[in-house]
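Have a look at the structure below before the remarks.
The structure displayed is predicted, hence computed values, not measured ones.
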Amino acid sequence: VALASESQGTIQTGFNLTKICKSIDCSSYGNVNWKPTLNANTTGATAVTITDSFITGYLWGDEIGWINMQPTGAGVMVNPNTGALSGYAYSNVGSWINFSPTSVSGGTPVGVAINAQGQFSGWAYVSGIAGGWMEFDCSSAATCIQTDWRPILSRTASPTPTPTTETSGSYSSGGSTP
């Protein structure tokens with residue numbers, strides 16, 4: 001039995017920022033908040049939720065505005081076994097974010113996945129004038145996104161009790177008394 005937070009998760013406070021790198025060394029970048037403040041002024045925006053199928057909700061990019069994780073005709077899917085993400089999110093300035101790009105010059109591995117500790121890792125591609133590569137790397141607080149969702153194979157399982165039937169110190173082969 002998996003804990004509820006492992007099969008449906010949220011973004012953890014303190015591990016909710018990443019960057020859209022404009023240069024190879026990421027010295028020029030825009031920030032993306034995966035847990036923005038939602039209030040009466042953010043009508044329609046919802047908190048990010050990760051399930052065994054999708055990521056839903058909204059992010060805030062300081063250069064690309066609100067980012068919808070489930071826009072009409074697209075969306076970000078989650079492979080429940082591996083934690084690999086695929087699909088597209090959309091920002092309100094016209095940028096598409098590809099969570100499973102196939103290549104980048106130089107052979108750098110790309111694509112995004114959630115590991116056994118709930119940490120996002122890899123690179124997503126952001127199109128548009130304020131685009132670049134969105135970095136996910138928990139070796140730096142500036143690029144670490146973490147959730148309480150876990151891939152199925154990494155979830156905590158409680159041991160299944162083994163039923164026995166015992167009567168006065170002797171075991172029976174049947175009956176209704178566990």
Side-chain angles (χ1 to χ4, degrees), residues 3-39 41-42 45-52 54-70 76-80 82-93 95-101 104-151 153-156:
L3 301 173
S5 66
E6 291 182 323
S7 60
Q8 181 169 331
T10 60
I11 301 300
Q12 295 180 337
T13 301
F15 298 98
N16 57 303
L17 294 174
T18 192
K19 300 176 182 180
I20 300 174
C21 299
K22 314 287 186 205
S23 59
I24 292 174
D25 65 357
C26 207
S27 59
S28 173
Y29 60 87
N31 290 303
V32 177
N33 185 346
W34 281 64
K35 192 170 185 159
T37 301
L38 302 175
N39 56 39
N41 296 324
T42 55
T46 56
V48 171
T49 301
I50 297 110
T51 68
D52 286 346
F54 298 100
I55 297 180
T56 59
Y58 287 79
L59 321 175
W60 173 256
D62 61 4
E63 296 178 341
I64 61 174
W66 287 106
I67 302 161
N68 183 351
M69 298 299 282
Q70 285 294 309
V76 179
M77 282 75 66
V78 178
N79 179 314
T82 65
L85 305 184
S86 60
Y88 294 83
Y90 187 73
S91 82
N92 65 352
V93 299
S95 295
W96 285 99
I97 303 170
N98 182 352
F99 282 86
S100 56
V104 63
S105 62
T108 302
V110 293
V112 181
I114 303 170
N115 67 20
Q117 292 76 41
Q119 298 172 335
F120 286 59
S121 64
W123 297 84
Y125 182 72
V126 183
S127 69
I129 195 160
W133 288 94
M134 187 182 295
E135 180 181 14
F136 298 90
D137 178 7
C138 283
S139 66
S140 168
T143 55
C144 187
I145 305 298
Q146 191 163 340
T147 178
D148 48 2
W149 181 90
R150 301 291 187 270
L153 300 175
S154 302
R155 293 181 185 164
T156 307

Could you pull out the closest heavy-atom pair between [X] and [Y], with the gap in Å?
X	Y	result
Ser95	Ser127	OG-O, 2.8 Å
Leu38	Ala45	CD2-CB, 3.7 Å
Lys19	Ala142	CE-CB, 3.6 Å
Pro101	Trp133	CG-CZ3, 3.7 Å
Cys26	Glu135	SG-OE1, 4.0 Å
Gly87	Met77	CA-CE, 4.0 Å

Check: Which of these, Cys21, Ser28, Ser23, sits in a side-chain contact (heavy atoms from CB on, under 4.5 Å) with Asp25?
Finding: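 For Asp25, the side-chain contact (heavy atoms from CB on, under 4.5 Å) test succeeds with only one of Cys21, Ser28, Ser23, which is Ser23.
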Check whether any side-chain heavy atom of [X] sits under 4.5 Å from a side-chain heavy atom of [Y], and report yes or no.
X	Y	value
Thr51	Thr49	yes
Thr10	Val48	no
Trp96	Val126	no
Glu63	Ile20	no
Ile114	Leu85	yes
Thr56	Thr46	no

Would you give the length of the straight line joining atom [atom1] of [X] to atom [atom2] of [Y], rounded to the nearest 0.5 angstrom?
X	Y	atom1	atom2	result
Ile145	Gln119	CD1	CD	11.0 Å
Leu153	Thr82	CG	OG1	8.5 Å
Asp148	Ser7	CG	OG	9.5 Å
Arg150	Gln117	CZ	CD	7.0 Å
Ser91	Trp66	OG	CH2	12.5 Å

Mind checking side-chain hydrogen bond (donor to acceptor under 3.5 Å, both in side chains) for [X] and listing every partner two or more places apart, or none if nothing turns up?
X	result
Tyr88	Asn98
Ser139	Asp137
Gln70	none

Margin query: Please tell me whether Trp34 and Tyr58 form a close aromatic pair, meaning their ring centres lie under 6.0 Å apart.
Written below: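 Ring centres of Tyr58 and Trp34 not closer than 6.0 Å.
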Item checked: Ring centres under 6.0 angstrom apart (Phe136, Trp123) ->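 No - the distance between ring centres of Phe136 and Trp123 does not fall below the 6.0 Å cut-off.
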Notebook entry, point to check: Sequence neighbours excluded, which residues qualify as side-chain contact (heavy atoms from CB on, under 4.5 Å) partners of Asn39?
Noted result: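 side-chain contact (heavy atoms from CB on, under 4.5 Å) list for Asn39, sorted by chain: Thr37, Asn41, Thr42.
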Check: By side-chain contact (heavy atoms from CB on, under 4.5 Å), which residues pair with Asn33, not counting sequence neighbours?
Finding: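 For Asn33 the side-chain contact (heavy atoms from CB on, under 4.5 Å) partners, ignoring immediate neighbours, are Asn16, Leu17, Lys35, Pro36.
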Note to self: For a side chain to side chain contact (heavy atoms under 4.5 Å, CB included) check, start with the C-alpha distance between Ile97 and Val76, then their side-chain angles and the critical distance, and finish with the verdict.
What the structure shows: CA-CA 9 Å; Ile97 303 170; Val76 179; over 6 Å; no
Check: Does any N or O in the side chain of Asn79 come within less than 3.5 Å of the main-chain N or O of Gly83, such that one atom is a donor and the other an acceptor?
Finding: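 Judged by distance alone, no pair lies under 3.5 Å.
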Next item on the list: State which residues pass salt bridge (Lys or Arg N to Asp or Glu O under 4.0 Å) with Asp52; sequence neighbours excluded, sorted by chain then number.
Entry: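 With sequence neighbours excluded, Asp52 shows a salt bridge (Lys or Arg N to Asp or Glu O under 4.0 Å) to Arg155, given in chain and number order.
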Item checked: Evaluation steps, side chain to side chain contact (heavy atoms under 4.5 Å, CB included), between Leu59 and Met69 -> CA-CA 8 Å; Leu59 321 175; Met69 298 299 282; 3.8 Å; yes
Checklist line | Tyr29 atom OH, neighbour heavy-atom count above 12 within 6.0 Å | finding: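 At most 12 heavy atoms, drawn from other residues, nucleotides or ligands, come within 6.0 Å of this atom.
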